[in-house]
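First up is the structure itself, then whatever we jot down about it.
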Amino acid sequence: MNTTWAATAGAVVFLWLGMVLAISFLEAPLKFRAPGVTIPIGLGIGRLVFRALNLVEVVLAAVVVAAVAVGGPPVAVVVLTVAVAVLLAVQLGVVRPRLNRRSDRVLAGEELPRSRGHVYYVAFEIAKVIALTALGISLLAR
């Protein structure tokens, strides 16, 4: 793979990875432990933060896909790039809308039992972290 494109894609991948780790695995769980943060307030903050994160993720994914597409990558890099893009697409197209509908109901004052939707979202985040790490390492090896 062309070293310039590999370096560009690698830098973007590790930026993306850092954002996911910081927000999904640090900010998200901690906000509910802050004094005075109720479930509705936490959900409101979470929706804003994750909407922004997901928008940035889409941009970063587009940059990685473009860099990989023009860089003449090996098959492993292509497979990992596709895997990361598919994980993000499923998160945003399937899991996130369900979470939004549920949080709309909670924010409207409905009392709901615990949801498995967040477990699915976290599972996708873990898979995405693994795929991003593998992709970043693969790009560094070029």
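For the single chain, residues carry numbers from 1 onward in sequence order.
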So which atom in [X] and which in [Y] form the shortest heavy-atom distance, rounded to 0.1 Å?
X: Ser138; Y: Val77; value: CB-CG2, 3.9 Å
X: Val84; Y: Ala131; value: CG2-CB, 3.5 Å
X: Met1; Y: Pro73; value: SD-CB, 3.7 Å
X: Val129; Y: Phe25; value: CG2-CE1, 3.9 Å
X: Phe32; Y: Thr38; value: CE2-O, 4.4 Å

_I'd like to check the side chain to side chain contact (heavy atoms under 4.5 Å, CB included) partners of Val86; sequence neighbours left out, ordered by chain and number._
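Result, side chain to side chain contact (heavy atoms under 4.5 Å, CB included) vs Val86: Val82, Val90.
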*Does Val63 have any side chain to side chain contact (heavy atoms under 4.5 Å, CB included) partners at least two apart in sequence or in another chain, and if so, which?*
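If we apply the side chain to side chain contact (heavy atoms under 4.5 Å, CB included) test to Val63, skipping adjacent residues, the hits are Val12.
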_Spacing of CZ belonging to Arg96 relative to CZ belonging to Arg47, to within rounding of 0.5 Å_ =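 The CZ atom of Arg47 is 7.5 Å from CZ of Arg96, to the nearest 0.5 Å.
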*When rounded to the nearest 0.5 angstrom, what is the spacing between CG in Leu99 and CD in Gln91?*
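Those atoms lie 9.5 Å apart.
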*Any chance you could lay out the side-chain contact (heavy atoms from CB on, under 4.5 Å) test for Trp16 and Leu88, step after step, and finish with the verdict?*
CA-CA 12 Å; Trp16 183 0; Leu88 179 61; 3.9 Å; yes
*When Ile, Leu, Val, Met, Phe, Trp and Tyr are grouped by side-chain heavy atoms lying under 4.5 Å apart, directly or through other members, which residues fall in the same group as Val79?*
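Taking Ile, Leu, Val, Met, Phe, Trp and Tyr as members, Val79 shares its hydrophobic cluster with Val75.
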*Honestly curious: do Leu92 and Val65 fall in one hydrophobic cluster under the side-chain, below-4.5 Å linking rule?*
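Unlinked, Leu92 and Val65 end up in two clusters.
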*Could you please spell out the steps behind the side-chain contact (heavy atoms from CB on, under 4.5 Å) verdict for Leu53 and Ser24?*
CA-CA 9 Å; Leu53 171 64; Ser24 294; 4.2 Å; yes
*Does the side-chain contact (heavy atoms from CB on, under 4.5 Å) test come out yes or no for Ile130 and Ile126, once each step is laid out?*
CA-CA 6 Å; Ile130 292 167; Ile126 291 168; 4.0 Å; yes
